[in-house]
Protein chains: 2
Amino acid sequence: MKSSPSSAADADPGPKYSETATRILNAAEGLFVELGLEATSLRLITQKAAVNLAAVNYHFRSKDALFEAVFARRFAPWARECLRELDALEARVAAGKAVFDVEAVMMCYVRPALALSKDPSLGGALFVRLFSRVLVENHRQVRETLSRDWGHLVARYTVALGRALPQLSSEEVAWRLHLGLSVMFHAFAGNDILKLFGRSAVSARDPDLIVKHVVPFVVAGMSAAPHGRHPAA
Amino acid sequence: MKSSPSSAADADPGPKYSETATRILNAAEGLFVELGLEATSLRLITQKAAVNLAAVNYHFRSKDALFEAVFARRFAPWARECLRELDALEARVAAGKAVFDVEAVMMCYVRPALALSKDPSLGGALFVRLFSRVLVENHRQVRETLSRDWGHLVARYTVALGRALPQLSSEEVAWRLHLGLSVMFHAFAGNDILKLFGRSAVSARDPDLIVKHVVPFVVAGMSAAPHGRHPAA
DNA sequence: CCACCACTCAAACAACTGTTTTAAACGTAC
DNA sequence: GTACGTTTAAAACAGTTGTTTGAGTGGTGG
């Protein structure tokens, strides 16, 4: 386990940040999530972090680079965790101790996301919402930076899901993964299409509750029969 | 049909806008979707609309009010369409010509969304993406303005879905609706969690293709057995 | 003591923001 | 023609934005 060569579990611990740089990152993280990239000024960040304005341009080059650093700090370890889960599942299957079913594959995504949401430092929960924002307002910088890592992750999930759903075409598998990941992502991010406007009975903030409701939904959706059951009206 | 009193199909055609006001609305719509609210300056809007800068503050009071107008112009007729679909389904059920199944209820949402996506003026497709943005970056103004109408819509869908899924508790129905609407919304908006970073086989821009893949997924997810099939590992 | 280092500080920079103002053009009714 | 309300034009408003500057801090090794 320790010496698996091509695994990503043991790689680069990421850059270490100084005391004030970390304070900037933490403050910026919360504000970026709350207000968005454009709406958060450097002065707001430095004020919340209790550091000097010029510090952000000293430690990070620019505001955009700061945003990238905020994102990368959380994304890298999370992606590693996802890959570790997939490796573990493959190992269990190879050992005959498990099979590739949809729920097993999806739990390789849910568990890291759940861990993020329960991160006691709250940084993880903020990151999920930040990622969700990045998804709809697509900043070129982040997209370029992370296309590699995220593309790799998606490829791994695709083959795993394809093995769990051998009756589906690869195009259909890609669609199912797309839909499933999207609903889980926004669920964990707390983007309540119901709650945002007008109140609803659903209080989607307890991570365990999210999992309990979202996993059956996603597993059933992914396992649905291929389209075209009846010609429709 | 024409004289149904409490239906929303026949209500308020909305404000009429002058020539230049319409040009401003159209230009702003595209830019708000592309860049977001904060990142779009009035000068960019007026330049794209080929009108004077002061025109936007003359026709609309402020930038925020403009945004609200942009949103409301598309939202109101779309919400009316959704209510009309629900009314029509209820009427067919009452006449014994149809039953409340999950697919029928969801099609009451899909058809208006599909119509938006196929709007030849492209404004509809832009609105779906705009709504998706509003959902994650939540602007208080829009939230306050639309909480009434959207809340009403959600309530209608909830009771309809509840009739289609009588075996589920009302809390579970709310969750299923939340998840289903969310995945459909982001699918129509083209928020490709797969495609955004790194390319994917899925080209999620053809509205009919979206429906073909997303409806079976959502119907299956909503119809899933209540959670707790097996104690899990 | 000095030089060097990573770092912080307050101040200033030019550019851009939403909004307002003032002046001019427009078509229409008297 | 002249007066009118409506719409547009360009300029100016005060405030904020990201970024840079240059002096100054405290600590470490020679």
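Just so it is clear, the model here is predicted, and its values are computed rather than measured. Each chain gets a letter, A, B and so on, in the order the sequences are listed, and its residues count up from 1. Hydrogens, waters and symmetry mates play no part in the numbers below; they use all other heavy atoms, side chains included.
Ring centers of B:F71 and B:F32: at least 6.0 Å apart, outside the cut-off.
Between the CG atom of B:L42 and the P atom of D:dA10 there is a distance of 17 Å, rounded to whole Å. Here the C1' atom of nucleotide C:dC16 and the CD atom of B:E38 are 15 Å apart, to the nearest Å. Distance CG (B:L66) to C1' (C:dT19): 14 Å, rounded to an integer number of Å. Across the protein-nucleic acid pair, A:K63 atom NZ and C:dC16 atom P stand 15 Å apart, rounded to whole Å. Going from atom CG of A:D64 over to atom C1' of D:dT19 covers 12 Å, rounded to whole Å. Rounding to whole angstrom units, CD of residue A:E19 and C1' of C:dA6 are separated by 15 Å. What separates CZ of A:F67 from P of D:dG18 is a distance of 14 Å, to the nearest Å. Straight-line distance from the CG atom of A:L44 to the P atom of C:dT17: 19 Å, rounded to whole Å.
Phosphate proximity of D:dT17 to A:S41: present, with a side-chain N or O under 4.0 Å from OP1 or OP2.
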When you compare the protein's N or O atoms with those of nucleotides 8-15 of chain C, which come within less than 3.5 Å of each other, and at what distance?
| unit_1 | atom_1 | unit_2 | atom_2 | d |
| --- | --- | --- | --- | --- |
| C:dT8 | OP1 | A:T20 | OG1 | 2.9 |
| C:dT8 | OP2 | A:H59 | NE2 | 2.8 |
| C:dC9 | OP2 | A:N52 | N | 3.3 |

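Although no hydrogens or angles enter the test, the distance criterion places no donor-acceptor pair under 3.5 Å between the side chain of B:R129 and the main chain of B:V33.
In this structure, B:S117 and B:F188 approach most closely via the heavy-atom pair OG-CD2, 3.4 Å.
Contacts of A:T40 with the nucleic acid, taken as non-hydrogen atoms under 4.0 Å apart, involve only primed sugar atoms and P, OP1 or OP2.
In this structure, A:R156 pairs ionically with A:E90, as a charged nitrogen and a carboxylate oxygen lie closer than 4.0 Å. Between B:E81 and B:R111 there is no salt bridge, since no side-chain nitrogen of the basic residue lies less than 4.0 Å from a carboxylate oxygen of the acidic one.
Residue pairs that meet the salt bridge (Lys or Arg N to Asp or Glu O under 4.0 Å) test with at least one member in residues 53-67 of chain B, sequence neighbours left out, do not exist here.
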